[in-house]
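Inspection log for the structure reproduced underneath, given as C-alpha cells.
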Amino acid sequence: MSKDNKDEKLQMIRHSMAHVMAEAVLQIFPEGKVAIGPAIDNGFYYDFDLPRSLKEDDLEDISQRMQAIIKEGRTFERSVVSRDEALNQFKDQPYKVELIKELPEGEDISVYSQGEFADLCRGPHVEGTNKLNAQSFKLLSIAGAYWRGDEKRPMLQRIYGTAWTNPKDLRMYLQQLEELEKRDHRKVGRELDLFSTHEEAGPGLVYWHPKGARIRVAIEDFWREEHRNNGYEFLFTPHVGKSWLWETSGHLDFYAEGMYPEMVMDKANYYAKPMNCPFHIMIYKTNKHSYRDLPFRWAELGTVYRYEKSGTLHGLMRVRGFTQDDAHIFCTPDQVEDEILEVLRFSLHMLRSFGFTDIQAYLSTMPEKAVGDPAQWTLAEESLRKAIEAEGLEYDVDEGGGAFYGPKIDLKVKDALGRSWQLSTVQFDFNEPERFKMSFTDRDGEEKRPYMIHRALLGSLERFFGVLIEHYGGAFPVWLAPMQIMVIPVAPAFEEYAEKVYSRLKKAGFRVEFDDSDDRMNAKIRNAQAQKIPYMLILGEKEAEAEAVSLRLRNGKQENGIPLEDFVARVEKAVQEKADL
RNA sequence: GCCAGAAUAGCUCAGGGGUAGAGCAACGCUCUCGUAAAGCGUAGGUCGUGAGUUCAAAUCUCACUUCUGGCUCCA
C-alpha cells in the first residue's frame with residue numbers, strides 16, 4: 001500500500017473512532033450535545049457540551065464502552081438527506097443545526113449512522129467497526145475548547161484520543177510520547193541545571209543558570225561572528241521608551257494589549273519595549289542618508305517584553321521576556337531582491353549550523369487590509385518567492401496571510417522527533433517607515449522611503465534554546481555543550497596526573513571539569529553520563545605513565561590510551577566542525 | 001483570558017481531620033577503588049498564599065498565585 005493510501009486509511013479509522021467515542025459518551029450522557037469530531041495527526045478528538053465536567057476516570061469508562069461498540073460489529077451507513085430532514089433529525093443538537101444551516105445550498109448533506117448513533121458527517125468512514133481494532137486506540141486527555149475556536153462562544157469539553165491499525169503501532173506511538181516527555185526542555189533544563197523561572201519573581205521570565213548561560217554565550221559568539229561575516233553592524237538600544245515611540249509606531253493603537261503597562265515618571269509614560277524596530281529607526285533618523293549609504297544591516301540581540309496571556313506561557317517556548325536575534329535592513333528598491341536572497345541564505349546557514357537540516361518555508365502574501373502601495377507589495381513578494389526558489393526550498397503559500405504591514409517568509413525546522421518549530425522570519429514593513437517618515441536621498445535628488453525588512457534567524461534565544469534542548473535531548477554537540485570534558489581519576493592516587501590533564505585542557509580553552517569528589521570512579525562516570533557530558537576521561541596508572549587519556553564517550557563507546565595531545569586536537573576539530581562528538 | 005487538573009524537603013514522589021514520610025541530592029565520618037550508584041550517620045518542610053468550617057486543618061470549603069494539558073492568542 002502506498003503511503004498516501006495508508007494515511008487515508010488511518011484518517012478513516014481515526015474519524016470513525018471519533019464517532020464511536022461520541023456514541024459512547026452519549027450512552028453516559030444521553031442529554032449531551034455533540035459538536036465536531038475530526039481525525040487529526042496521530043488520532044482524533046470530539047467536542048461535547050455535557051452536563052458536568054469530565055474526569056480522568058470517565059476516560060476508562062468511555063474506552064470500555066467504545067470497545068463494546070466496536071465488538072458489536074456495527075456498519076457505518078451513509079445516507080443523503082435534505083436540509084429539512086437533516087434539521088429535523090438533529091433538532092436536539094444545536095451545534096449540528098448551526099453547521100447544517102451553514103452548509104452551502106445544493107451540496108449533499110450526508111449522515112453516517114452506526115446503529116443507534118447518527119452523525120452529520122461528510123465522511124468517509126470505514127465500512128464497519130470490524131475494521132477498527134479495540135486494542136489499538138487510547139483516550140489521552142480531556143481539554144477545553146471553544147465552539148468553533150471562538151473565545152466568545154461556549155467552552156466545550158474535548159476528548160483527545162490516538163488510534164492505529166494495530167496494537168503494535170499504538171505501543172510505538174505511546175513510546176514516542178514517553179520519549180517526548182524525557183526530552184521535555186523543562187525537565188532537561190532542571191536536570192542539567194540550565195535555567196529556571198520563579199513564581200515569586202514573575203511568570204514567563206527566564207533565569208539562565210551558569211550552564212545554560214554557557215550555551216547561550218556559545219550561541220551568541222557564533223551569531224556575532226556570522227553577522228560580522230555577513231555585513232551586519234551591531235546596535236544596542238534601551239529596554240524602555242516613552243509613549244511617543246509607540247504612538248508613532250502605532251503599537252499603542254493595535255498592540256497595546258500585548259504590552260506591559262506603562263510606567264509613569266517625570267510626567268511621561270514609559271513602556272518596556274515589545275519590539276526593537278522603533279529604536280533602530282531612531283538611529284536611522286539621527287542622520288540624513290544618501291542612496292549611497294544603503295543598505296544598512298543593523299542587528300541587535302534585543303530583549304523585549306510582551307504581555308502573553310497567562311494560560312499561554314510554556315517553559316522557554318512562550319515567555320514574557322525574551323531576546324530576539326533581531327536585525328533590520330534598510331535599503332533601496334533595487335537592493336531588495338539581493339538583500340532578501342542574502343538574508344534567506346544566511347538564515348539557512350545558521351539553522352543548519354545548529355543541526356536543523358529539514359527546513360520548510362512559508363510565504364505569506366498581502367491581506368485584504370494592508371498598508372502600502374500594491375506595487376511595493378508585489379516587488380516584496382516576488383523577491384521573497386525568488387529567494388525561496390533560488391534556494392530550492394519546499395514552500396507553502398498562505399495567500400492573504402501576511403501582516404497588514406508587509407509580506408513575509410517564515411522558516412520552520414523539523415527537530416529530531418519530527419516536530420516542526422517556526423524559527424526564522426523575514427518580514428517587510430511598509431508601515432513604520434511611513435509613520436516615522438523615514439527617507440533617503442536618491443540619485444535624482446528626491447527624498448524617498450527606504451524599504452524596511454525585519455528579520456530574526458533564531459527567533460528568540462529563549463525559544464531557540466528550548467527547541468535545541470529538545471532536539472538534542474540535552475546531549476548537545478561539543479561546541480555547545482556546557483561541560484565538554486569531565487576528568488575522572490580512577491582513584492585519589494592519580495589525582496596529580498588528572499590535575500595535569502585538567503590544566504592542559506583548560507589552557508586549550510575547553511569547558512572542562514575535574515571530578516575530585518569522594519565518589520568512586522563508577523559513580524563519577526554515572527554522574528557525568530547523567531549530565532550528558534560528551535567526553536569522559538578516565539585517568540589511572542596506565543594513562544599517567546603514557547601521558548595519555550582513556551576516553552569514554554557519552555554514547556558508551558570507549559577508546560583507551562589516546563595520547564593527550566591527540567585528544568586535544570580531536571576536541572578542537574569537533575568544536576571547529578560543530579560535530580556531535 | 002477560558003475549560004480541566006495539580007501544588008507535600010533542592011529533585012522524584014507516598015501519605016492524609018488528631019504534632020510530617022521514603023529514595024536521590026546536601027553535609028559529616030569511614031573506605032582508596034579501572035568504565036553507569038561503596039558503607040554508616042546528620043540535617044532539612046507553617047504540606048503554594050490568604051481566609052473560612054472545626055475542639056483540632058497539610059487533609060474539608062472558598063478566593064488567589066503558579067504550574068500542567070488544551071482552547072484562544074502569537075499585529
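Within every chain, numbering begins at 1; the chains are lettered A, B, ... in the order of the sequence lines, protein sequences first and strands thereafter.
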d(CZ, A:R158; P, B:C71) in whole Å: 6 Å
Out of B:U12, B:G34, B:G69, whichever nucleotide has its closest atom nearest the side chain of A:R190: B:U12
When the distance from CG of A:D518 to C1' of B:A26 is rounded to whole Å, what number comes out? 13 Å
Under 4.0 Å, heavy atoms only, any strand: does A:R306 hit a base, just the sugar-phosphate, or nothing? nothing
Roughly how many Å is it from NZ in A:K309 to P in B:C3, rounded to a whole number? 13 Å
Is A:Y45 touching bases, backbone alone, or none of the nucleic acid, heavy atoms closer than 4.0 Å? nothing
Does the structure show a Watson-Crick or G-U wobble partner for B:G18, both distances under 3.5 Å? Name it, or say none. B:C55
Closest listed nucleotide, where the reference is the side chain of A:R552 and the choices are B:A75, B:U35, B:U72: B:U35
Would you call the rings of A:Y207 and A:H198 parallel, tilted or perpendicular, where under 30° means parallel and over 60° means perpendicular? perpendicular
B:G69 phosphate, OP1 or OP2, under 4.0 Å from A:R186 side-chain N/O: yes
Side chain of A:H314: nearest nucleotide among B:G1, B:C33, B:G69? B:G69
So what does A:T197 hit on the nucleic acid, given a heavy-atom distance under 4.0 Å: a base, only sugar-phosphate, or nothing? nothing
The Watson-Crick or G-U wobble partner of B:G23, with both key distances under 3.5 Å, is B:C11
The side chain of A:Y146 is closest to which nucleotide in this list: B:U68, B:A37, B:C71? B:C71
So if I take every side-chain heavy atom of A:A145 and compare against B:C33, B:C71, B:A36, which nucleotide ends up nearest? B:C71
Could you walk me through whether A:Q175 and A:E179 pass side-chain hydrogen bond (donor to acceptor under 3.5 Å, both in side chains), step by step? CA-CA 6 Å; A:Q175 268 168 17; A:E179 180 60 21; over 6 Å; no
Which part of the nucleic acid does A:A523 contact within heavy-atom distance under 4.0 Å: base, sugar-phosphate only, or nothing? sugar-phosphate
Provide, to the nearest angstrom, the distance between the CD atom belonging to A:E191 and the P atom belonging to B:G10. 18 Å
Looking at A:W208 versus A:F465, is the centre-to-centre ring distance below 6.0 Å? yes
Pair A:R214 + A:E513, salt bridge at N-O below 4.0 Å: yes
Counting the atoms with a prime plus P, OP1 and OP2 as sugar-phosphate, which does A:E308 contact under 4.0 Å by heavy atoms, base, sugar-phosphate, or nothing? nothing
Would you indicate what A:L156 reaches in the nucleic acid, counting non-hydrogen atoms under 4.0 angstrom: base, sugar-phosphate, or nothing? nothing
Gap between atoms CE and P, on A:M155 and B:G69 respectively (whole Å): 16 Å
Does A:S141 place a side-chain N or O at less than 4.0 Å from the phosphate oxygens OP1/OP2 of B:G70? no
In terms of side-chain heavy atoms, does A:Q376 have a donor or acceptor partner in A:Y451 at a distance below 3.5 Å? no
A:K542 near the nucleic acid: base, sugar-phosphate alone, or nothing, with a heavy-atom cut-off under 4.0 Å? base
Kindly point out which of B:C11, B:A75, B:U35 is positioned nearest to the side chain of A:Y255? B:A75
Out of B:A36, B:U12, B:U32, which nucleotide sits closest to the side chain of A:P492? B:U32
For the residue pair A:S550 / A:E543, report whether a side-chain donor-acceptor contact shorter than 3.5 Å exists. yes
Under 4.0 Å between a side-chain N/O of A:Y307 and OP1 or OP2 of B:G1, yes or no? yes
Which residue lies toward the 5' end of RNA chain B, A:L54 or A:R526, if each is placed at its nearest nucleotide? A:L54
What is the distance from CG of A:D47 to P of B:G69, rounded to the nearest Å? 19 Å
Say whether A:E470 and A:H185, considering side chains only, have a donor N or O and an acceptor N or O under 3.5 Å apart. yes
Short N-O contact, A:K412 and A:D410, less than 4.0 angstrom: no
Classify A:N560 by what it touches in the nucleic acid, base, sugar-phosphate, or nothing, heavy-atom distance under 4.0 Å. base
Re B:U66: Watson-Crick or G-U wobble partner, both distances kept under 3.5 Å, found to be B:A6
What does A:Y160 touch in the nucleic acid at a heavy-atom separation under 4.0 angstrom: a base, only the sugar-phosphate, or nothing? sugar-phosphate
Checking base pairs now: Watson-Crick or wobble, both atom distances under 3.5 Å. What partners B:C74? none
Separation of B:A38 atom P from A:R520 atom CZ, nearest Å, is 4 Å
Counter-base of B:C40, judged by Watson-Crick or G-U geometry with both distances under 3.5 Å: B:G28
Need one value for A:Q422: base, sugar-phosphate or nothing, where a base atom within 4.0 Å counts as base even if backbone is also close, heavy atoms only. nothing
With a 4.0 Å cut-off, would you call A:E300 and A:K273 a salt bridge? yes
Under 4.0 Å between any heavy atoms, over every strand shown, what does A:T312 touch: base, sugar-phosphate, or nothing? Just pick one. base
Base, sugar-phosphate alone, or nothing: which one does A:M317 contact when heavy atoms must sit under 4.0 Å apart? nothing
Both A:G204 and A:A491 contact RNA chain B. Which one's nearest nucleotide lies toward the 5' end? A:A491
How close or far is atom P of B:G69 from atom CG of A:D184, stated in whole angstroms? 7 Å
Picking from B:G1, B:C31, B:C74, the nucleotide nearest the side-chain atoms of A:R318 would be B:C74
Among the nucleotides B:G1, B:A4, B:G34, whichever has the atom closest to the side chain of A:V490 is B:G34
Quick one: label A:G540 by what it contacts on the DNA or RNA (base, sugar-phosphate, nothing), any heavy atom closer than 4.0 Å. base
Donor/acceptor link under 3.5 angstrom from A:E200 side chain onto base of B:G48: no
Once you apply a heavy-atom cut-off of 4.0 Å, does A:G202 come out as touching a base, just sugar-phosphate, or nothing? nothing
